[in-house]
Amino acid sequence: MRQPLPWTCLLVLLLVAAGCATVSPPPMRMLNEPVLRPEAGAVSLSATAGGDVGIFFKAAAGGEARVDLQATREIALEASGGGGHVVERQDVHGSPTWLACGRLGGVYRPTHLDWLTLRFGVGGGGASTGLTYATTDVGVSFGWTFLRRVRPYGGVSLALSTPIEHGPWIGNTQDDTLRRPQTTLWLGGNLGLAVRVAGNFEVGAEGFVDTGFRVTHNGDGGLLFGGTGVLRYTFGPTN
């Protein structure tokens, strides 16, 4: 594949995290860039899992499945879906315990600029509290492939998340404040490494950080960071 949001519904883990605060969750954002370049018609299947820490919870974990169809040598279409669960939370009322999300996107990786990848997508999700939201995202990543075996990379992303149904008010027992998720602008960054193990089978790992800023109200934001691992196999010709 080439990945989603360049992000972006980062790993579902993130999403869960954000869902616990009064920001709207970011899109699924696992970069997990591949080493190989599939030819037109090839299909890549990926499974990702990981964990993160963030707002109003101490730890969350989740996973994502993704399918990538190589439309042309330079353009891929992708669909992904997954979910996450809060493993250990802080003392907050009304925060969700799980979240599910999905995303549709596209990836452009020019043949004459193998170090550059552009991504865009739309998606959305829902949480156990009744919160539902929609997302849109764009991003860019930079990587270098060595001997068709190893590819280190890094990327940045920009996403907007807008609640459709806000769900219940969320309370903080430390200051007795009550808030609900609001439209949020997310800025993210990823660093990772992909390795071709054998044939068309690849593995990878990456770390990420995302910062959210509420657009409609002042005073709330969020910071999420964590890591993921991925297994990927491509059916069809590659180069």
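Atom set for the values below is all heavy atoms of this structure, side chains included, hydrogens, waters and symmetry mates excluded.
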Closest heavy-atom pair and its distance - [X], [Y]:
| X | Y | result |
| --- | --- | --- |
| V122 | D137 | N-OD2, 4.4 Å |
| E206 | G192 | CB-CA, 3.6 Å |
| A40 | A71 | CB-O, 3.9 Å |
| P163 | L131 | CB-CD1, 4.4 Å |
| P110 | E74 | CA-OE2, 3.4 Å |

Note, [X] side chain near [Y] side chain (heavy atom, < 4.5 Å):
| X | Y | value |
| --- | --- | --- |
| V140 | V156 | yes |
| R66 | R232 | yes |
| S44 | F235 | no |

So, does [X] use its side chain to make a donor-acceptor pair with the main chain of [Y] at under 3.5 Å?
| X | Y | answer |
| --- | --- | --- |
| T145 | R148 | no |
| N32 | T48 | no |
| T132 | E165 | yes |
| H166 | P181 | yes |
| N200 | T234 | yes |
| S161 | P25 | yes |

Sequence neighbours left out, what passes side chain to side chain contact (heavy atoms under 4.5 Å, CB included) with [X]? Give chain and number order.
| X | value |
| --- | --- |
| L160 | T136, T162, T183, L185, V215 |
| L104 | A79 |
| R149 | R196 |
| E39 | R73, P237, N239 |

> Can you list the residues that meet the ring-ring contact (aromatic ring centres under 6.0 Å, His included) rule with F201, with sequence neighbours excluded?
Replying inline: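 Here no residue qualifies.
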Can you get from L193 to V203 by hopping between Ile, Leu, Val, Met, Phe, Trp and Tyr side chains that sit under 4.5 Å apart?
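Cluster IDs for L193 and V203 match.
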Linked, directly or transitively: W144 and L118 (ILVMFWY side chains, under 4.5 Å)
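Yes.
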Distance (rounded to the nearest 0.5 Å) between [X] [atom1] and [Y] [atom2]:
| X | Y | atom1 | atom2 | value |
| --- | --- | --- | --- | --- |
| Q182 | R214 | CD | CZ | 5.0 Å |
| H85 | S128 | NE2 | OG | 7.5 Å |
| T184 | F213 | OG1 | CZ | 10.5 Å |
| F208 | T228 | CZ | OG1 | 6.5 Å |
| L113 | F142 | CG | CZ | 10.5 Å |
| Y133 | I164 | OH | CD1 | 10.0 Å |

(message) Apply side chain to side chain contact (heavy atoms under 4.5 Å, CB included) to residues V67 and V43 and explain how you reach the verdict.
(response) CA-CA 7 Å; V67 178; V43 175; 4.0 Å; yes
Does the side chain to side chain contact (heavy atoms under 4.5 Å, CB included) test come out yes or no for L45 and Y233, once each step is laid out? CA-CA 6 Å; L45 301 180; Y233 188 85; 5.6 Å; no
Subject >> Residue pairs passing the salt bridge (charged side-chain N to carboxylate O under 4.0 Å, His left out) test where at least one lies in residues 150-160, sequence neighbours excluded >> reply: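 The answer is E33-R151, D114-R151.
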Exercise for review: Could you tell me whether E78 and R119 have a side-chain N and a carboxylate O separated by less than 4.0 Å?
Suggested key: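 No, this pair does not count.
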For this session: Could you point out which residue of L36, V197, V195, V230 forms a side-chain contact (heavy atoms from CB on, under 4.5 Å) with E202?
Result: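 Of the listed options, the one satisfying the test is L36.
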